[in-house]
Each structure stands twice: as C-alpha cells, then as structure tokens.
Colleague: 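The following block contains the structure, expressed as structure tokens.
FYI, side chains are in, hydrogens and waters are out, and symmetry mates aren't considered; it's all heavy atoms of this structure.
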Amino acid sequence: MSTSSDRPLPNNPEASDAASEDTYVAKVARGAGISTAGQGIGRVLGYLSLVVIAQLFGATVQGFYTTGVAVVNGLQILSRFGLENGVVRYVAHYRAQNDEARVRGTIVQSILVALGISLVLSILMFAGAGLAEGWEYRGYSMEPVLRAFAVVLPFFVFMSMVLWATQGFQTVTYASYVQQMIRPALFLLLVPAFYLVSDGVVGIIAAYGVSMFLGSLAAVYYLRKLFPPLLDLKSPTKFETRALFSVSVPMSVTTGAQYLNTWGPTLVLGAFAVGPAVAIFNNAARTATLSTIVRFAFSGIFSPIISSLYSQGNMDELGRLYKDIARWVFTGALAIFLVISLLANEILLIFGREYTAGVVALLIVAVAQLFSSSVGPTPRMLAMTDNQNAAMFATSVAALVGMGTSVALIWTAETLEGRILGAAIGMAAGIVVENTLTLLAVKRRLGFWPYDSAWLKPIAAGLVSAAVAYIVGLLVTMPAIPTILILGAIFGLGYLGLLVIFGLSDTDKEFLGAFWNVAKRHLRR
C-alpha cells in the first residue's frame, strides 16, 4: 500500500514539481538544489550585513554585537531542548503512517515547549543582565546588549522551531526561504535604517529582532501551507511525549555541544578580550565556514529520508545514499575551501585593513571545516537511526576539547593576534574531534564508510585548478574585489571542466539532472 511519504503532497513544491523523478537521489538533488541556493543567498546577505556593520559601526561595536549573538544562540539552542530533531524525525515518521493527529501533536507540542522555555530564559537574561556591568571595553558594556537580546530570544526560538517543523515534510524550501533569504534580507535593509536612530550596538540588535519577528510570521504562513490542519482547533491531536523526548533530550546535549564547538571560542575570546578581537575572529571564522554551505544544504533534506529508510529497514539504500552524499558534499566544499585559501587576505580586506589580522585563523578553521564536510552528515545519521547517544558522546567530548583548548590558549596569549589564533585552534580542535568520533560511530554502528577511490577525482581537479589560479594571481596585480572575482572564476571553470573530463558516475548524472531541473523551474518562476 502506498503511504503519504510515497505520494507527493499538493503543497510540497519539491515533490509536486517532479513526481516522475521520485527516487531518493532525485529527492536529495531537489532539496539540496533549493537549499544550496538558499544557503548561497543567505551567506551573501550575511556577508553584506557584516560588511555594513563593520563599515557603519566599527570593529568595537561589532565585537560586542557578535558576543551577544553568541550568547543568544546558546540560549536559543537551550530553549529548543533538542526538539528540532524530534519534530523532523516524528513528523516524517507519522506522515509515513498517514497519522495526521500525531503529526499535528508533534508540531504543536514541540513549538509550545520550546517557546515556553525561551520565555523563562528571556526573563532571566533580562533580569540578570546587570551582572555583566563590568564586562566592558572603552565605554561599551555588555549589560544593554544582553537586555536587548533577551527581548529577541522568544522570536528567534519560535521562528526556528516552526521552520524545523516544515523540514519534517521532506522539504527544505520554506526553511531556505525564511532563514536564508527573507530574514537576512530584512536584516540587511534594517541595519542602515536603525543606524540613523542609534549608532550603538542596540541599533543592530533592534534590526536583528524586527527581522526575527517578521521571519516568524513568514514561517507560520509556510507551515500552514504545508499542513493546513495546523491552526484548526477542531483537528484531532495526539501527543507522543515519550517518543518525542526520547530523541530530543539526548540530542539537546548534542546540539549544545555543537554550539560550544561553534560559538565557544567566541565566548571565551569575548570574556578575555571583548571588542575588536571578537569581530576580527568572527569574520575570519565566518569566512572559513563558507564551505559548510554544501553540507547544510544536504543535511536538511537528508534527515527525513534517513528516518524514512531506517524505519523501512532499507539499510542498503541508506548506505549507498550516504556514500554518494558525503562525496557530493566534499566536492562542493573543496571548491569553496580552495578559493578561500587562495584569497584569504583579499576577502578579509573587504571588511577593513584591521581584519586581515585574522588570515591565519581563517586558514586553520577552514581546514577543520573541510574535514567536517568530508565525513558527510554523520551527526544526523546517528540522530535519525536511534544512535543519538553516540552523537551526544562524540559532540560532548569535542566540546570539552575545544573549550579547554580555547581557554588555555586565549588565557595565556599576550597579544591580540595570539588570542585570535588561540580561538581558531580551539574551534578547529572541537570540529576535528567531533567529526572523527561521529564518523567512527557511523562505521561501527551502521557499517557505513564514505571514502573510496572516486574521491581522487575532485581532489585532483581542485589542486590543478587552484595551481592555475595561483599562478595567474602571481602574474597579475589587481585590487581585492577584482582579484576575488577573476581568480574565483578561473578556478571554478577549471574545476568543473576537469570533473567532467575525469568522468561522472551514474548517480552523479542522475543528481545533476534533477538539480538542473530544479534550477530551470525556479528560474522560470
């Protein structure tokens, strides 16, 4: 008998656009295509926002803002309590069983619990902000920063949980629309507007909060479009609290540990050197993580597919799909990594000359992020196959290693450059440990291993293309932005051409065909 997961939903654009292409590779390609576009647009908008903030407000204000973002992201993750993993997994699971009541119950319970926790944390953060009065630099203080972000927190959590719920319907379209396009675009437009009202950090946070509020409205609209019974009070609702929290609680520890790997060094750096050092390190690290665009693009659509295949017991198909996805992620990430490595100084120069102090930090974090991309979405593999405790262990150990390294190196450093370098090494250490342990757990528990001889093709194509671009860069001297555009184009054309010359597998061709169909449909729209 056909289930709801086998039939495309009327309101699922990724399914309804191409029912005839409904293989798992095609599903991944459609989802990754939309998400990659979203991630790309979102990163560009985010980068433009960083440039605008750096130019309008300066490194000191940006450093306080970035430290506040690190704090509010931690509280946002704490508020979610791992429920984002539960809602993705069980919405997909109950849809496969045509159980609409449990789908609605899972969504409603996840959102309300997370929102309730965020309100409590928001009140505590606002009331306790006075404790940060001495956390200051050259007349700037963290106290008003924390109070302003306390108001933003519930909107951030609500928007995030609603968008996670949409991914349970095996579509990343709406999450990409809101998280990567609508909200970042609003923020970019609002920052200069609020600068006219306040040239301090509170003006940036006000723009951040308004963009979250408007993003929340868009998120609800899209979730209701996917699941019309959402706001129908007469629709039957069944809560499966034990099942939901059995995944969410262990994964809350995992997500918290991943947060420490991402934001922990920024917090430690902010504690010892809040201000310009935080801004310089953040912009370097944000540049280094551009290669993760590809991994995140695949993770969103792959998560419900993992749950569906695992629940069906189709482990052979899951193993083949994981291997292909890990290679596709690495192929895309390697291209971005090599461009970043070639043009690190020119990229950071866009923010201002003082930001070039983060070049070495950028390269260290970029190498670690490339390794994380090479293993594929291993934490998701574990979370969606009843191995969430293994993911929790791996990320917890990594967080301890990363935070310990950051504290030790930043504390003992005597210069701004030394502290930035310590934060980069701490972040890289956490990333490498987490991905090594999750890779080994996937191998031991599921028997999957991503690497084979096919990986030599993108490596060879990347190194040859990078060498050509590097030589051109030595021969021609240009300003930063033309250098980035021209050398990036030379590398990109060479990389794609060599990949085609070296040969594509059948699944590569199927993936590219579905990916291209998505691009054509969206270009027509």
Colleague: Filter on ring-ring contact (aromatic ring centres under 6.0 Å, His included), then keep only pairs touching residues 353-374, sequence neighbours left out; what's left?
Modeller: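 Of all non-adjacent pairs touching residues 353-374, those that pass ring-ring contact (aromatic ring centres under 6.0 Å, His included) are Phe351-Tyr355.
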Colleague: Could you tell me if Asn283 and Gln62 have a donor-acceptor pair between their side chains, going purely by distance under 3.5 Å?
Modeller: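 There is such a pair between these side chains.
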Colleague: Within the 4.5 Å heavy-atom criterion, are Phe337 and Leu290 side-chain neighbours or not?
Modeller: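 The answer is no; the side chains never approach within 4.5 Å.
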Colleague: Can you sort out the partners of Thr266 under side chain to side chain donor-acceptor pair (under 3.5 Å), two or more places apart, ordered by chain and number?
Modeller: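 Scan of Thr266 (side chain to side chain donor-acceptor pair (under 3.5 Å), adjacent residues dropped) gives none.
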Colleague: Specify the closest pair of heavy atoms between Ala368 and Val432, including all atoms of both residues, with the distance to one decimal.
Modeller: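 Closest heavy-atom pair between Ala368 and Val432: CB-CG2, 4.0 Å.
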Colleague: Of all heavy-atom pairs between Leu362 and Ala284, which one has the smallest distance, and what is that distance?
Modeller: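 Scanning both residues, the minimum pair turns out to be CG-O, 3.6 Å.
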Colleague: For the OG1 atom of Thr166 and the OH atom of Tyr174, what is their distance to the nearest 0.5 Å?
Modeller: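 Rounded to the nearest 0.5 Å, the OG1-OH separation comes out at 9.0 Å.
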Colleague: With a 4.5 Å heavy-atom cut-off, do Tyr222 and Val178 have their side chains touching?
Modeller: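 Yes, close enough: below the 4.5 Å cut-off.
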Colleague: For Phe155, does its backbone N or O pair with a side-chain atom of Ser216 as donor and acceptor, under 3.5 Å?
Modeller: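 The answer is yes, because a donor-acceptor pair under 3.5 Å joins these two groups.
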Colleague: Quick one: do Ile204 and Tyr195 satisfy side-chain contact (heavy atoms from CB on, under 4.5 Å)? Show the steps, please.
Modeller: CA-CA 7 Å; Ile204 309 175; Tyr195 174 75; over 6 Å; no
Colleague: What pair of heavy atoms forms the shortest contact from Pro450 to Lys323, and how long is it?
Modeller: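 The answer is O-CG, 3.6 Å.
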Colleague: What residues form a side chain to side chain donor-acceptor pair (under 3.5 Å) with Ser49, not counting sequence neighbours?
Modeller: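 Here no residue qualifies.
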Colleague: Between Phe330 and Ile459, is there a side-chain heavy-atom distance shorter than 4.5 Å?
Modeller: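 Sidechains of Phe330 and Ile459: in contact.
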Colleague: Look only at the side chain of Thr378 and the backbone of Val375, and say whether a donor-acceptor pair between them is shorter than 3.5 Å.
Modeller: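 No, Thr378 side chain to Val375 backbone: no donor-acceptor pair under 3.5 Å.
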Colleague: Evaluate the side-chain proximity of Glu346 to Leu349: yes if any heavy-atom separation is below 4.5 Å, no if none is.
Modeller: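 With C-beta onward as the side chain, the pair stays apart.
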Colleague: Should we say atom CZ of Phe448 is surrounded by more than 12 heavy atoms from elsewhere, each under 6.0 Å from it?
Modeller: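 Yes, because the 6.0 Å sphere around CZ of Phe448 holds more than 12 heavy atoms from other groups.
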Colleague: Counting only N and O atoms by type, is there a donor-acceptor contact under 3.5 Å from the side chain of Thr395 to the main-chain atoms of Met392?
Modeller: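 The answer is yes, because a donor-acceptor pair under 3.5 Å joins these two groups.
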Colleague: Show every salt bridge (charged side-chain N to carboxylate O under 4.0 Å, His left out) that has at least one partner inside residues 157-185, sequence neighbours left out.
Modeller: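 Pairs touching residues 157-185 that pass the test: none.
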Colleague: Are the side chains of Ile347 and Val359 in contact, using a 4.5 Å heavy-atom criterion?
Modeller: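 Val359 does not reach Ile347 side chain to side chain.
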Colleague: If you round to the nearest 0.5 Å, how far is CZ of Arg286 from CG of Leu50?
Modeller: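 Output value for this atom pair is 4.5 Å.
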Colleague: Under 3.5 Å, sequence neighbours excluded: what are the donor-acceptor pairs made by side chains of residues 420-431?
Modeller:
none

Colleague: Would Ile280 and Leu416 satisfy side-chain contact (heavy atoms from CB on, under 4.5 Å), going step by step from the backbone distance to the final call?
Modeller: CA-CA 10 Å; Ile280 293 169; Leu416 179 142; 4.2 Å; yes
Colleague: Mind checking what makes side-chain contact (heavy atoms from CB on, under 4.5 Å) contact with Val220, not counting sequence neighbours?
Modeller: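 Val220 satisfies side-chain contact (heavy atoms from CB on, under 4.5 Å) with Phe158, Val162 once adjacent residues are dropped.
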Colleague: Who pairs with Ala148 by side-chain contact (heavy atoms from CB on, under 4.5 Å), at least two apart in sequence or on another chain?
Modeller: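 By the side-chain contact (heavy atoms from CB on, under 4.5 Å) rule, Ala148 matches Ile205.
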Colleague: Tell me every residue that passes side chain to side chain donor-acceptor pair (under 3.5 Å) with Arg445, counting only those two or more places apart in sequence or in another chain.
Modeller: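 Checked Arg445 against side chain to side chain donor-acceptor pair (under 3.5 Å); matches are Asn387.
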Colleague: Tell me whether Tyr221 at atom OH has more than 12 heavy atoms from other residues, nucleotides or ligands lying less than 6.0 Å away.
Modeller: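 For Tyr221, atom OH is not crowded (no more than 12 foreign heavy atoms under 6.0 Å).
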Colleague: Measuring only between side-chain heavy atoms, which start at C-beta, is Val367 closer than 4.5 Å to Leu363?
Modeller: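 Side chain of Val367 against side chain of Leu363, heavy atoms only: no contact under 4.5 Å found.
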Colleague: Kindly give the heavy-atom pair with the smallest separation between Arg419 and Phe272, and that separation in Å.
Modeller: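 For Arg419 and Phe272, the tightest heavy-atom pair comes out as NH1-O, 4.0 Å.
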Colleague: For the pair Phe187 and Tyr65, name the ring-plane relationship: parallel under 30°, tilted 30 to 60°, perpendicular over 60°.
Modeller: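 Parallel, since the angle between the ring planes stays under 30°.
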Colleague: Enter the distance from Asn282:CG to Thr67:OG1 here, rounded to the nearest 0.5 Å.
Modeller: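 Going from the CG atom of Asn282 to the OG1 atom of Thr67 covers 8.5 Å.
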Colleague: Determine, stepwise, if the pair Thr483 / Leu343 fulfils side-chain contact (heavy atoms from CB on, under 4.5 Å).
Modeller: CA-CA 8 Å; Thr483 298; Leu343 303 168; 3.8 Å; yes
Colleague: Should Thr66 and Phe281 be marked as a side-chain contact (heavy atoms from CB on, under 4.5 Å) after you check the CA-CA gap, both sets of side-chain angles, and the distance that decides it?
Modeller: CA-CA 10 Å; Thr66 299; Phe281 170 71; over 6 Å; no
Colleague: Taking atom types as modelled, is there a side-chain donor on Gln369 or Ser372 under 3.5 Å from an acceptor on the other?
Modeller: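 A pair is found: one side chain offers a donor N or O, the other an acceptor, under 3.5 Å apart.
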Colleague: Only pairs at least two apart or in different chains count here, so list each salt bridge (charged side-chain N to carboxylate O under 4.0 Å, His left out) that has a residue in residues 140-153.
Modeller: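 For residues 140-153, and leaving out neighbouring residues, the salt bridge (charged side-chain N to carboxylate O under 4.0 Å, His left out) pairs sorted by first residue read Glu143-Arg147.
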Colleague: Looking at every heavy atom in both Leu267 and Ala70, which two are closest together, and how far apart are they?
Modeller: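 Here Leu267 and Ala70 meet closest at CD2-CB, 3.7 Å.
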Colleague: State the CD1-CE distance between Ile182 and Met159, to the nearest 0.5 angstrom.
Modeller: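 Here the rounded value is 10.0 Å.
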Colleague: Would you name the heavy atoms of Val278 and Gly63 that are closest together and state the gap between them?
Modeller: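 Heavy atoms of Val278 and Gly63 come nearest at CG1-O, 3.6 Å.
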Colleague: How far does OG of Ser79 sit from CG of Leu153, to the nearest 0.5 angstrom?
Modeller: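 If I round to the nearest 0.5 Å, the distance is 4.5 Å.
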Colleague: May I have all residue pairs that pass side-chain hydrogen bond (donor to acceptor under 3.5 Å, both in side chains) and include part of residues 404-418, sequence neighbours excluded?
Modeller: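 Residue pairs passing side-chain hydrogen bond (donor to acceptor under 3.5 Å, both in side chains), neighbours aside: none found.
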Colleague: Do Val191 and Ile53 come close enough that some side-chain heavy atom pair is under 4.5 Å?
Modeller: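 Touching, per the 4.5 Å side-chain cut-off.
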Colleague: List, one per line, each side-chain donor-acceptor pair under 3.5 Å for residues 112-130, sequence neighbours excluded.
Modeller:
residue : atom : partner : partner atom : Å
Ser118  : OG   : Leu115  : O            : 2.7
Ser122  : OG   : Ala150  : O            : 2.4

Colleague: From Met381 CE over to Leu439 CG, what is the distance, rounded to the nearest 0.5 angstrom?
Modeller: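 Between atom CE of Met381 and atom CG of Leu439 there are 11.0 Å.
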Colleague: Name the orientation class of the two ring planes belonging to Tyr208 and Phe156 (parallel below 30°, tilted from 30 to 60°, perpendicular beyond 60°).
Modeller: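 Correct class here is perpendicular.
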Colleague: Using a 4.5 Å cut-off on heavy atoms from C-beta on, say whether the side chain of Tyr322 contacts that of Ile325.
Modeller: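 When only atoms from C-beta onward are counted, Tyr322 and Ile325 do not touch, as no gap falls below 4.5 Å.
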Colleague: How would you list, by chain and number, every residue that makes a ring-ring contact (aromatic ring centres under 6.0 Å, His included) with Tyr495, sequence neighbours excluded?
Modeller: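 Tyr495 satisfies ring-ring contact (aromatic ring centres under 6.0 Å, His included) with Phe491 once adjacent residues are dropped.
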